[in-house]
Structures are given as structure tokens and as C-alpha cells.
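To start, the structure under review is shown below, and the notes come after it.
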Amino acid sequence: MKQEYEKLGLKAGLEIHQQLNTRKLFCECPSILRTDKPEYTIKRKLNPVIGETGEIDIAAEYEKSKDQTFLYQVFSTNCLVELDEEPPHEINSEALKIILQIAHLLNCKIFPVTQVMRKTVIDGSNTSGFQRTLMIAHDGFIETSEGNVGIESIALEEDSARKIGSENNITTYSLDRLGIPLVEITTKPDLKTAEQIKEAALKIGEILRACNVKRGIGTIRQDVNISIKGSNRVEIKGFQDPKMMIKTIDEEIKRQQECIKNKSCKGEVRRALPNGKTEFLRPM
């Protein structure tokens, strides 16, 4: 089977987001998901502004044209930081210690200096319009039975607000999840077989569970980027169930082979389904 993957030119890499088991990253609020009714809601619109380049982001300008409204559910466990009505507090030192431990276990080089950066967010999942993130480490590796797999980077970032639903151009989010510390781990595209992809995912998961991370549904989100010779890279989201990993890869290979045959290969973002197949989300 390994020879078949080599002939196909399979190339893949993982991207993993794991919540840390601490308070939130830039305030003292607890990282608790709420199931009760919110105390109140606030309403916001997307208002694009000029960025560091001196221009308005094209994607943000396009989203503004949709004239969407965002409703945010606010609980007693939220504060003004999550409402973007107060500057972020000092960064969570416990979260920093945990992510440094993870970086060491993944054999990474720690950046001697880092700073908080902003990633523009245009879907309303962050009240500030951007996500705060810090690059922590780089150039690590894990060992697998088919050779080492490089760890490209490790970042510490804040989780997004939790989407409740959308109706009549109004999207509702809960602020209970916004600001929970996340470790983001990206591997290099060193994965060459479906079995190695699964082994690497389980290995990284084992390392994460050795540290103080949250457990349970929704606390880890894993994606895989995959391509074969002659096809464009496809990102598959929701790839965290070990029982469907190999089948999902094999089904995606078949799909990409059909795309090559029909000369319709495109970079896409897809979502893993329980039957091992994937469904289209958007162009990459």
C-alpha cells in the first residue's frame, strides 16, 4: 500500500487547534461553555477600516457589502475584554507555560522573542474583528514508524466565539468560548501515507494529553491538507476522529483522481463526513 501512495505522490500535513485548560488568554474570565440563557445580547455590524498596508482588506469590504448583523450572547462569565470595550489584560502566564511544555515535547526551537499579532476575522466570530495570536516555536519533529514528521510552527492564540445559528442575515454567537487559549500546531507536508497521517495525529494527540489541555467534544479541531501528483492542495476540516481518518484519505484520493481525469482540479476547503467522504465548503 505504501508503494501505491508513493506512486500517487501523496503529500499531506496536519493543522491542530487544542484548547488549554486555563482561564481565558487576555482576561481573568473562566473558560466555561454555558448552556443557560444569556444575561443579555449586543448587536454589531462589520465596519472595515484601513489596515497596516494603508488599504481596506478586500475580503472585509466584500463581507461589509452583505450588510450582516451579528448578535452576541453575553453571560456572567464574560467581561468587557470579550465585548471589545476594554483593552486586553496581561497575557495568561499559565497558558504560556503549557504551550512551552508542548513545544519542548515536540522537539521545537523556542523563539527568544515574540509579540501579539492580529489575524483579520471577517465572519463576526470575534467582536474586535481580529484574532490575537503569538508565534511560540518552530522547526520541531515527531517520530513515526515511517520516519520523522516535521513540526513547522506552534502558536498560542485565542479561540473564536461559538456560533449559535444564522437566520435572515443575522448570525448569533455566544461569547462563552471567545478568548479560550488555543495551541495551534502545524506540521510540515511530510506525511506520505494514510497510515502515517493517522499515526502522526494520534502521536500529537498523545503529547497534548500529557499536558494541561481540555478534553471532550469541541476542545480539539484538526484539519489535514492533502494533494496527489497533478492535483491542487485540498484542506479537509473536522478530521479528528481516528476511526475515519484512513477512509477519508483514501476517498479524497479517489475524488482527486477523478478531478485530474476531468481536468477540474481546484484548491478547496472541504469537510470530513462520517462515511469517510468529504463535502465542499469553499474555494481555497
Should [X] and [Y] count as side-chain neighbours, where that means a heavy-atom distance under 4.5 Å?
X	Y	value
Glu252	Val234	yes
Pro30	Arg23	no
Ile236	Val224	yes
Leu134	Ile99	no
Ile249	Ile197	yes
Thr144	Lys203	no
Thr69	Thr171	no
Thr41	Tyr72	no

Closer than 3.5 angstrom, by distance alone: can the side chain of [X] be matched with the main-chain N or O of [Y] as a donor-acceptor pair?
X	Y	value
Asp159	Leu182	no
Thr187	Ile151	no
Asn275	Lys277	yes
Glu158	Arg132	yes
Tyr5	Lys11	no
Gln196	Lys192	yes
Asn78	Phe75	yes
Glu251	Thr248	no
Lys45	Phe70	no
Lys214	Ser31	yes

Looking at [X] and [Y], does any basic side-chain N land under 4.0 Å from a carboxylate oxygen?
X	Y	value
Glu152	Lys188	no
Glu235	Arg233	no
Glu85	Arg44	yes
Arg270	Glu268	yes

Which pair of heavy atoms, one from [X] and one from [Y], lies closest together, and at what distance?
X	Y	answer
Ala210	Gln101	O-NE2, 4.4 Å
Ser227	Asn232	CB-O, 3.9 Å
Ile220	Leu208	CD1-CD1, 4.4 Å
Thr278	Ala272	CG2-CA, 4.3 Å

**Report entry** Under 3.5 Å side-chain donor-acceptor pair for Ser128 and Asn126
**Finding:** yes
Query - Pairs involving residues 111-120, ordered by first then second residue, that meet salt bridge (Lys or Arg N to Asp or Glu O under 4.0 Å) (sequence neighbours left out) - result: Lys119-Glu157, Lys119-Glu184
Query raised in the report: Would you call the rings of Phe111 and His138 parallel, tilted or perpendicular, where under 30° means parallel and over 60° means perpendicular?
Result: parallel
